A.B. asks: 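Can you read through this structure? Questions will come right after.
Note that these values count all heavy atoms, side chains included, but never hydrogens, waters or copies made by symmetry. Throughout, a chain's letter reflects where its sequence line sits, starting with A, and its residues are numbered from 1. Source: prediction; values computed, not measured.
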There are 2 protein chains.
Amino acid sequence: MVRQPAINAKHRTPLSTERIIEAALQIIDAQGLSRLTMRRLGDALEVEAMAIYHHLPRGKEQLLDGLVVHVAAVPAAVPAPGRGATRWRGALRDWARGYRERLLTHAGVLPLLVTRRNPAALAGTTASLREILRQGGIAEATAAVAAHTLLSYVIGHAAMEVRGTAAGGEPAATAAEPEGPVDWDARFLAGLDLLLAGLNP
Amino acid sequence: MVRQPAINAKHRTPLSTERIIEAALQIIDAQGLSRLTMRRLGDALEVEAMAIYHHLPRGKEQLLDGLVVHVAAVPAAVPAPGRGATRWRGALRDWARGYRERLLTHAGVLPLLVTRRNPAALAGTTASLREILRQGGIAEATAAVAAHTLLSYVIGHAAMEVRGTAAGGEPAATAAEPEGPVDWDARFLAGLDLLLAGLNP
DNA sequence: ACCTGAACACCGTTCAAGT
DNA sequence: ACCTGAACACCGTTCAAGT
């Protein structure tokens, strides 16, 4: 007869940086960034908090850096090199919509995107945007500017939406919103088109 | 002969919300947001930390909300109603440059701008931007979009700059910045013009 | 190699007490 | 009214110890 595994099995699936970051993201999405604690994260992984340090020696700092990369390092899909008239514009538009959605579903990570100084994290993302613009016939210098402008707009707009949405999530117009509740989706798309319209090869 | 004040004078200038927020901002600017502690803030004000709660009953939450308003609630100056051709464009450009500079000198507050849900904080700022656009002959609906777009861009770009600048502040091009060190000022102005050029009455 | 337990130096906040 | 002192329930992290 095979021995029953102990209640606290010693040989369960071991920890990994992947699993740690995913569990941390779940806590942030469900309860908010302020509730992400090494002790709580340990609980979620059914492990003592101190076990995490074996995989992330730099501790919580390293965890937060990993979360930013995990959420925000999403490159844009470069379209096939056939030069359609509005092809690259569509590619940028699609990426912007998807990227914004990702930022909003992980809104708790947004403040980390601002806090963590890490030039490398978004290097791939900006590079892919520049490449799309370059293939669209935009000059190298303006492509660099436009890539940065687009990324700044998407991140900034997501930040505005998160900070501008009241905690309770009430629909009525308050004194704070004299024009009534904002349709953030429509606002985002209109601003995006305004920005893309300014880009001409 | 006048009595010498005691070492710990009982009747020194009393605390005020103003003084508390200014002291907090000094700590953030000099040492970073993570070093802002109720106890350290008390030290800076030569008071026990618990005295702060008498002026800010909601504690640190209220302090952080106050900091956001203090730093980010800056309306744009609406130009005289004479309709110069590029007058309103210049007004928006000037405001954006000044606002960005303010955000960067208080970069430690930037994550709070994203975290704190407070629609009221930026209502005056967006209203002033809409007013400038409206006087420039922009239709009401597009003015609302453009105001949001501009503010999103400025905040997003400042966030990108802060997060994209390495902690040490080294000038050399690293693997993270394949195109070499970014001229953030130039980037910002170029993107700003790209955005403003898309606005036509 | 991987995890635990106890300990340390901090936090924000409450609450009764002082003046 | 305004501030203090002590206390409470948390933090992140170190470090020696277990398996």
A.B. asks: Please give, in whole Å, the distance from C:dG12 P to B:Gln62 CD?
C.D. replies: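 Spelled out: CD on B:Gln62 to P on C:dG12 is 15 Å.
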
A.B. asks: Rounded to whole Å, please give me the gap between CG in A:Leu41 and P in D:dC11.
C.D. replies: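 Interatomic distance, CG of A:Leu41 to P of D:dC11: 12 Å.
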
A.B. asks: Donor-acceptor pair, A:Tyr153 side chain versus A:Phe188 backbone, under 3.5 Å?
C.D. replies: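 Judged by distance alone, yes, a pair lies under 3.5 Å.
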
A.B. asks: Considering just the side-chain nitrogens and oxygens of B:His55, establish if one lies under 4.0 Å of OP1 or OP2 belonging to D:dC3.
C.D. replies: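 Answer yes for this pair, as a side-chain N or O of B:His55 is under 4.0 Å from OP1 or OP2.
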
A.B. asks: Taking A:Arg97 first and then A:Asp185, would you say they form a salt bridge - that is, a charged N and a carboxylate O separated by under 4.0 Å?
C.D. replies: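 Salt bridge flag = no for A:Asp185 with A:Arg97.
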
A.B. asks: Would you kindly give the CG-to-C1' distance between B:Leu56 and D:dC3, to the nearest whole Å?
C.D. replies: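 These atoms are roughly 14 Å apart.
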
A.B. asks: Using the rule side chain to side chain contact (heavy atoms under 4.5 Å, CB included), only one of B:Val114, B:Leu150, B:Leu113 pairs with B:Ile155; which is it?
C.D. replies: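 Single pass found, and it is B:Leu113.
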
A.B. asks: What integer distance in Å separates B:Leu33:CG from C:dC11:C1'?
C.D. replies: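 Checked: the CG to C1' distance equals 14 Å.
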
A.B. asks: Starting from Watson-Crick (N1-N3 plus N6-O4 or O6-N4) and G-U wobble pairs under 3.5 Å, report the runs of at least three that DNA chain C belongs to.
C.D. replies: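 Result, WC/G-U stems under 3.5 Å: C:4-8 with D:12-16, C:12-16 with D:4-8.
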
A.B. asks: Nearest whole angstrom, please: distance from the C1' of D:dT4 to the CG of B:Asp43.
C.D. replies: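 So the CG-C1' distance, B:Asp43 to D:dT4, works out to 14 Å.
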
A.B. asks: Could you tell me the separation between the CD1 atom of B:Ile52 and the P atom of D:dC3, rounded to a whole number of Å?
C.D. replies: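 It works out to 10 Å between those atoms.
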
A.B. asks: Which class fits the ring pair B:His148 and A:His157: parallel under 30°, tilted 30 to 60°, perpendicular over 60°?
C.D. replies: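 It falls in the tilted class, 30° to 60°.
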
A.B. asks: Where along nucleotides 13-18 of chain C does protein come under 4.0 Å, by heavy atom, of base (B) or sugar-phosphate alone (S), with - for untouched nucleotides?
C.D. replies: BB----

A.B. asks: Assess, by modelled atom type and distance only, whether the side chains of B:Gln62 and B:Arg58 contain a donor and an acceptor separated by less than 3.5 Å.
C.D. replies: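 No - no donor-acceptor pair under 3.5 Å links their side chains.
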
A.B. asks: For the side chain to side chain contact (heavy atoms under 4.5 Å, CB included) test, which of A:Leu63, A:Leu15, A:Ile21 pairs with A:Leu56?
C.D. replies: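 So, applying the side chain to side chain contact (heavy atoms under 4.5 Å, CB included) to A:Leu56 and each of A:Leu63, A:Leu15, A:Ile21, only A:Leu63 qualifies.
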
A.B. asks: Is it true that A:Arg116 and A:Glu61 have a side-chain N and a carboxylate O under 4.0 angstrom from each other?
C.D. replies: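 Judged by the 4.0 Å cut-off on N to carboxylate O distance, A:Arg116 and A:Glu61 do form a salt bridge.
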
A.B. asks: Can you tell me how far the CG atom of A:Leu195 sits from the CZ atom of A:Arg93, to the nearest 0.5 Å?
C.D. replies: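 Answer rounded to 0.5 Å: 12.0 Å.
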
A.B. asks: Look at B:Glu161 together with B:Arg100 and state whether they make a salt bridge at an N to O cut-off of under 4.0 Å.
C.D. replies: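 B:Arg100 and B:Glu161: salt-bridged.
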
A.B. asks: Using a 4.0 Å cut-off on heavy atoms, which residues in residues 17-30 of chain A reach DNA chain D? List them by number, or say none.
C.D. replies: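 Close to the strand, none.
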
A.B. asks: When you get a sec, tell me which of D:dC2, C:dC11, C:dC3 is the closest nucleotide to the side chain of A:Leu15?
C.D. replies: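 Of all the options, the side chain of A:Leu15 is nearest to C:dC3.
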
A.B. asks: Give the rounded distance in Å between these two atoms: CG of A:Leu36 and C1' of D:dG12.
C.D. replies: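 It works out to 12 Å between those atoms.
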
A.B. asks: Would you indicate whether the side-chain heavy atoms of B:Leu199 and B:Trp88 approach each other to under 4.5 Å?
C.D. replies: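 SC-SC contact between B:Trp88 and B:Leu199 confirmed.
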
A.B. asks: Considering every strand and a 4.0 Å limit on heavy-atom distances, what is the contact class for A:Arg35: base, sugar-phosphate, or nothing?
C.D. replies: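 Result for A:Arg35 = nothing.
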
A.B. asks: Between A:Glu48 (CD) and C:dA6 (P), how many Å, whole number?
C.D. replies: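 Rounded to the whole Å, the gap is 10 Å.
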
A.B. asks: Scan side-chain atoms only and decide if B:Glu131 and B:Gln135 contain a donor-acceptor pair under the 3.5 Å cut-off.
C.D. replies: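 On atom types as modelled, these side chains qualify, holding a pair under 3.5 Å.
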
